[in-house]
Amino acid sequence: MIVDDIDALSVDQLRWLLAPPSAGQGDASDPGTHGRLHQTNPSPRFVGATMAGVFEHPSLRTRSAFAGAAHRVGALPVFFVGDEVGIDARESAEDVAHLLAEHHHLIGARLRHHSTFMRMARVATEYQCPIVNLLTDWAHPTQAIADIITIAERLKVGPEDPLPHLRIAYLGEANNVARSLAKAALALGWDITIAAPQGHQFGVDDVASLESYRSLCGSDARLELTDDPSAAVREANVLYTDVWISMGAQGSVEHAMEEFRGFGIDEQLLLAAPDDAFVMHCLPAHRGMEIEGSVIDSDRSVVWLQARNRLVAMERLFRLIGEED
């Protein structure tokens, strides 16, 4: 199974990830566990297995979630970081994938370039070794899975409940996080508005791809683009943002503050949103830039629930892979 982005999963699989049969019965979503790693519920496929985590980028949430989820399904996580793996420097992406697929039962890769992930995926497929995108410049599917779990949890959507209709307003750079979130939202029938300044919005090809995916899912959800943040949040149930300067991106804080002026989620912008709208941020956050610290720490924020659900999402994805392959 190759999970390069959300569209690698079916709508049924996404719905399963929202509320699998085991949820609340000892998995990381159970509030009684608080994600504690000693409480495990092994998956038959991964008992005694090892999982390789390859990280070209620094990571806190993703690496912590990968390790915790691997442990919970009965596997041992093994990490390879930065220059010690040296993709396309010490050896090619293909050779790295060959070795890891020989040694391990699953590969998770957090890479600079999506093309590198796909090269590794082609090799992993030869071994029938699952490979999961833990972040590339194109997509961040495990984050999007955590996001939809968080939304369902905040709205108290039960396993048998129909999904409510809602609107997500994403503000800031139309980046990898926005792309994966948009796919997940559209697949589930949720409208999404991307509010970004000129030069930072999705292009024509992106929009065409997202609309094609929406149609393929049989969804009547709407994708809208705007450069007006106040208009974007006016009917939104969820306000979402990410950093304005992504890892490895060029640009100064001063330049970003000027280009994205008015797109930060602050107390004033919240006044334009419905009273019951809540706020999300995938972290790490630059408090005072794309989001005010007071907003993150307010009752309208689900940022820390969202961060906790990175572990929930990773564990559920591993269990899904264990059942599917």
Side-chain angles (χ1 to χ4, degrees), residues 1-6 8 28 35 37 46 49-73 75-125 127 129-147 175-177 179-180 242-243 245-250 281-286 306-318 321:
M1 187 173 190
I2 299 173
V3 184
D4 62 315
D5 199 2
I6 288 296
L37 298 186
F46 293 120
T50 55
M51 295 184 178
V54 181
F55 287 77
E56 285 190 312
H57 278 304
S59 171
L60 175 59
R61 278 150 296 279
T62 304
R63 183 165 173 173
S64 179
F66 187 91
H71 174 84
R72 293 186 64 83
V73 300
L76 174 70
V78 183
F79 292 104
F80 306 90
V81 182
D83 291 342
E84 75 179 13
V85 59
I87 295 177
D88 290 333
R90 294 185 69 247
E91 52 190 318
S92 71
E94 289 82 0
D95 286 356
V96 170
H98 272 293
L99 184 281
L100 296 179
E102 289 277 8
H103 286 190
H104 305 284
H105 294 74
L106 180 144
I107 301 169
R110 184 177 176 93
L111 306 170
R112 295 184 182 91
H113 303 297
H114 197 74
S115 58
T116 307
F117 178 88
M118 296 310 297
R119 289 165 56 202
M120 293 180 66
R122 283 191 287 271
V123 174
T125 301
Y127 288 85
C129 177
I131 182 167
V132 177
N133 178 3
L134 302 180
L135 177 143
T136 64
D137 57 352
W138 180 256
H140 199 351
T142 59
Q143 178 65 60
I145 294 168
D147 295 339
N175 59 10
N176 50 358
V177 171
R179 185 176 291 106
S180 294
D242 187 13
V243 295
I245 303 176
S246 299
M247 286 183 297
Q250 301 299 312
H281 191 307
C282 58
L283 300 178
H286 294 152
Q306 185 183 1
R308 179 176 76 96
N309 280 335
R310 293 295 305 280
L311 172 59
V312 176
M314 199 79 73
E315 179 185 349
R316 290 185 186 177
L317 182 58
F318 289 167
I321 291 170

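Residues Gln143 and Leu135 fail the side-chain proximity criterion, which asks for heavy atoms closer than 4.5 Å. Put simply, the side chain of Leu134 reaches to within 4.5 Å of the side chain of Val132, judged on heavy atoms. Residues Thr142 and Leu317 form a side-chain contact, since some pair of their non-hydrogen atoms from C-beta on lies under 4.5 Å apart. Looking at Ile131 and Val3, their side chains never come closer than 4.5 Å, going by heavy atoms from C-beta outward. In this structure the side chain of Thr50 never reaches within 4.5 angstrom of the side chain of His103, judged on heavy atoms. Within the 4.5 Å cutoff, no side-chain heavy atoms of Phe318 are placed close to those of Arg72. Proximity of Thr62 to His140: side-chain heavy atoms (C-beta onward) are separated by under 4.5 Å at one or more points. Residues Met120 and Val96 meet the side-chain proximity criterion, which asks for heavy atoms closer than 4.5 Å.
In summary, the aromatic rings of Phe80 and Phe55 are positioned with their centroids too far apart to meet the 6.0 Å limit.
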Exercise for the section: Starting from the C-alpha separation in whole Å, work towards a yes-or-no answer on side chain to side chain contact (heavy atoms under 4.5 Å, CB included) for Leu283 and Arg61. Expected result: CA-CA 8 Å; Leu283 300 178; Arg61 278 150 296 279; 3.6 Å; yes
Practice task
Starting from the C-alpha separation in whole Å, work towards a yes-or-no answer on side chain to side chain contact (heavy atoms under 4.5 Å, CB included) for Val78 and Met51.
Solution key: CA-CA 6 Å; Val78 183; Met51 295 184 178; over 6 Å; no
Exercise for the section: Could you walk me through whether Val54 and Arg110 pass side chain to side chain contact (heavy atoms under 4.5 Å, CB included), step by step? Expected result: CA-CA 6 Å; Val54 181; Arg110 184 177 176 93; over 6 Å; no
Exercise for the section: Please report the C-alpha distance between Asp147 and Gln306 in whole Å, then the side-chain angles of each, then the deciding distance to 0.1 Å, and finally whether the side chain to side chain contact (heavy atoms under 4.5 Å, CB included) criterion is met. Expected result: CA-CA 6 Å; Asp147 295 339; Gln306 185 183 1; 2.9 Å; yes
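For Arg119, the salt bridge (charged side-chain N to carboxylate O under 4.0 Å, His left out) partners are Asp88, Glu94, not counting sequence neighbours. Ser180 meets the side chain to side chain donor-acceptor pair (under 3.5 Å) test with Asp5; sequence neighbours excluded.
For Pro284 against His281, the heavy-atom pair with the smallest separation is O-CE1, 3.4 Å. Listed here is the closest heavy atom pair of Cys129 and His104: SG-O, 3.9 Å. Closest approach of Leu100 and Ala52 over heavy atoms only: CD2-CB, 4.1 Å. The two residues Ala93 and Thr116 have their closest heavy-atom pair at CB-CG2, 3.8 Å. Smallest separation of non-hydrogen atoms from Phe66 and Gly108: CE1-CA, 3.9 Å. Here the shortest heavy-atom pairing between Ile107 and Ala101 reads CD1-N, 4.0 Å.
We find the CD-OH distance between Glu102 and Tyr127 to be 3.5 Å, quoted to the nearest 0.5 Å. Note that CZ of Arg112 is 8.5 Å distant from CD1 of Ile87, once rounded to the nearest 0.5 Å. For the atom pair Cys282 SG and Asn175 CG, the distance stands at 7.5 Å (nearest 0.5 Å). The structure places NE2 of His113 at 15.5 Å from CE of Met118, a figure rounded to the nearest 0.5 Å. Rounding to the nearest 0.5 Å gives a distance of 11.0 Å between NE2 of His98 and CD of Glu91.
No side-chain donor-acceptor contact under 3.5 Å links Ser64 to the backbone of Leu60. In terms of modelled atom types and a separation under 3.5 Å, the side chain of Glu84 and the main chain of Val81 share a donor-acceptor contact.
Using a 30° and 60° split on the angle between ring planes, Trp138 and His114 fall in the tilted class, from 30° to 60°.
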